[in-house]
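Only one structure is covered here, and it is reproduced in the block below.
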Amino acid sequence: MGNRLTKIYTRTGDDGTTGMADGSRVSKADALFFVMGDVDELNAHIGMILAQIEALEADKAQRFIAISDSLSTVQHLLFNIGGELAMPEYKGISESHISWLESEIDTFNQDLPALKDFILPAGSALVSQVHIARTVCRRAERQAVNLQQISKQAISANALKLLNRLSDWLFVLSRYCAKVEGSKEVLWDKTILDKFSS
């Protein structure tokens with residue numbers, strides 16, 4: 001195992017910089033940390049989805065075992081993206097990870113009804129939490145694209161692909177969770193704003 005953290009605060013970041021794996025110090029306002037922060041936030045939201053599943057009644061939670069396993073895998077992949085950002089020489093995301101996500105999307109999607117209307121980011125607490133994770137994932141991807149435009153070597157092509165695919169996975173997962181828990185999807189209704197028409 002690597003170095004064990006024995007002291008949490010070091011005071012070295014009080015000047016607005018953060019120490020990198022190579023010993024250099026980088027401003028906390030650097031674009032790199034916008035991506036790191038969004039990926040970390042996304043991982044926390046994935047953790048919240050897992051917590052909501054674990055809080056379900058035992059019989060309902062049983063239906064989510066495969067989803068929970070996938071969510072745990074995603075958390076580890078996001079941690080690997082953080083590792084790549086902190087240590088550019090480290091390669092934690094591969095094509096096989098992206099293929100796995102695509103396979104998951106296809107598997108979830110084949111059990112879902114065809115999408116005929118836009119879906120609002122709403123529904124049960126669990127489904128809404130998945131939508132929150134999806135929107136944070138989109139933000140992380142935008143920040144990652146911005147970082148790559150500033151410094152092409154700062155983030156790998158596979159990490160970018162994974163974030164892109166992950167937001168698709170989360171969208172399909174929101175629909176799949178609604179199906180598994182028996183809740184209704186909230187669809188966009190173009191007539192709901194007719195009351196404002198003169």
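We use all heavy atoms of the structure for the numbers below, so side chains are in, but hydrogens, waters and symmetry mates are not.
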Heavy-atom donor-acceptor pair, [X] side chain to [Y] backbone, under 3.5 Å:
X: Gln143; Y: Phe34; answer: no
X: Arg165; Y: Ile105; answer: no
X: Lys116; Y: Pro113; answer: no
X: His76; Y: Thr73; answer: no
X: Ser151; Y: Gln148; answer: no
X: Ser103; Y: Ser99; answer: no
X: Gln52; Y: Leu126; answer: yes
X: Ser183; Y: Lys179; answer: no
X: Ser72; Y: Ser68; answer: no

Should Asp168 and Arg138 count as an ion pair when the cut-off is N to O under 4.0 Å?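 Salt bridge flag = yes for Arg138 with Asp168.
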Between the side chains of Glu41 and Arg139, is the shortest nitrogen-to-carboxylate-oxygen separation below 4.0 Å, so that they form an ion pair?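 Looking at Glu41 together with Arg139, the answer is yes, because their closest N to O distance falls below 4.0 Å.
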Gap separating the [atom1] atom of [X] from the [atom2] atom of [Y], nearest 0.5 angstrom:
X: Leu160; Y: Ile81; atom1: CG; atom2: CD1; result: 8.5 Å
X: Leu163; Y: Ile98; atom1: CG; atom2: CD1; result: 9.5 Å
X: Asp38; Y: Cys137; atom1: CG; atom2: SG; result: 10.0 Å
X: Leu78; Y: Asp40; atom1: CG; atom2: CG; result: 9.5 Å
X: Ile49; Y: Ile67; atom1: CD1; atom2: CD1; result: 10.0 Å
X: Leu77; Y: Asn158; atom1: CG; atom2: CG; result: 11.5 Å

Going by the ring-ring contact (aromatic ring centres under 6.0 Å, His included) test, name the single residue among Phe108, Phe171, Trp169 that passes it with Tyr176.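 The single option meeting the ring-ring contact (aromatic ring centres under 6.0 Å, His included) with Tyr176 is Phe108.
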Glu57 and Lys60: CA distance, side-chain angles, deciding distance, salt bridge (Lys or Arg N to Asp or Glu O under 4.0 Å) verdict: CA-CA 5 Å; Glu57 294 175 6; Lys60 281 189 178 180; 6.0 Å; no
[X] vs [Y] side-chain heavy atoms within contact, under 4.5 Å:
X: Leu85; Y: Leu147; answer: yes
X: Glu185; Y: Ser174; answer: no
X: Ser128; Y: His131; answer: no
X: Ile155; Y: Leu32; answer: no
X: Leu173; Y: Leu71; answer: yes
X: Val127; Y: Arg175; answer: no
X: Glu104; Y: Ser70; answer: yes

Shortest non-hydrogen separation from [X] to [Y] and the atoms involved:
X: Ile150; Y: Ala31; answer: CD1-CB, 3.7 Å
X: Arg134; Y: Ser167; answer: CG-O, 3.7 Å
X: Asn80; Y: Gly92; answer: ND2-O, 3.0 Å

Does Glu89, at its CD atom, have more than 12 non-hydrogen atoms belonging to other residues, nucleotides or ligands within less than 6.0 Å?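 Enclosed: over 12 neighbouring heavy atoms sit under 6.0 Å from CD of Glu89.
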Taking atom CZ as the centre, does Phe79 end up with more than 12 heavy-atom neighbours from other residues, nucleotides or ligands that are less than 6.0 angstrom away?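 Not more than 12 within 6.0 Å, no.
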Given side chain to side chain donor-acceptor pair (under 3.5 Å), test Asp189 with Thr191 step by step and report yes or no. CA-CA 5 Å; Asp189 180 358; Thr191 67; 2.6 Å; yes
Could you list the residues that satisfy salt bridge (Lys or Arg N to Asp or Glu O under 4.0 Å) with Glu84, not counting sequence neighbours?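 None.
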Can you name the residues that form a salt bridge (Lys or Arg N to Asp or Glu O under 4.0 Å) with Lys161, not counting sequence neighbours?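 Expected list: Glu95.
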Is [Y] reachable from [X] through a run of I, L, V, M, F, W or Y residues, each pair having side-chain heavy atoms under 4.5 Å apart?
X: Phe33; Y: Met87; answer: no
X: Val186; Y: Ile132; answer: no
X: Met48; Y: Val136; answer: no

Does the pair Leu120 and Trp188 meet the rule for a side chain to side chain contact (heavy atoms under 4.5 Å, CB included), with working shown? CA-CA 6 Å; Leu120 294 182; Trp188 173 70; 4.3 Å; yes
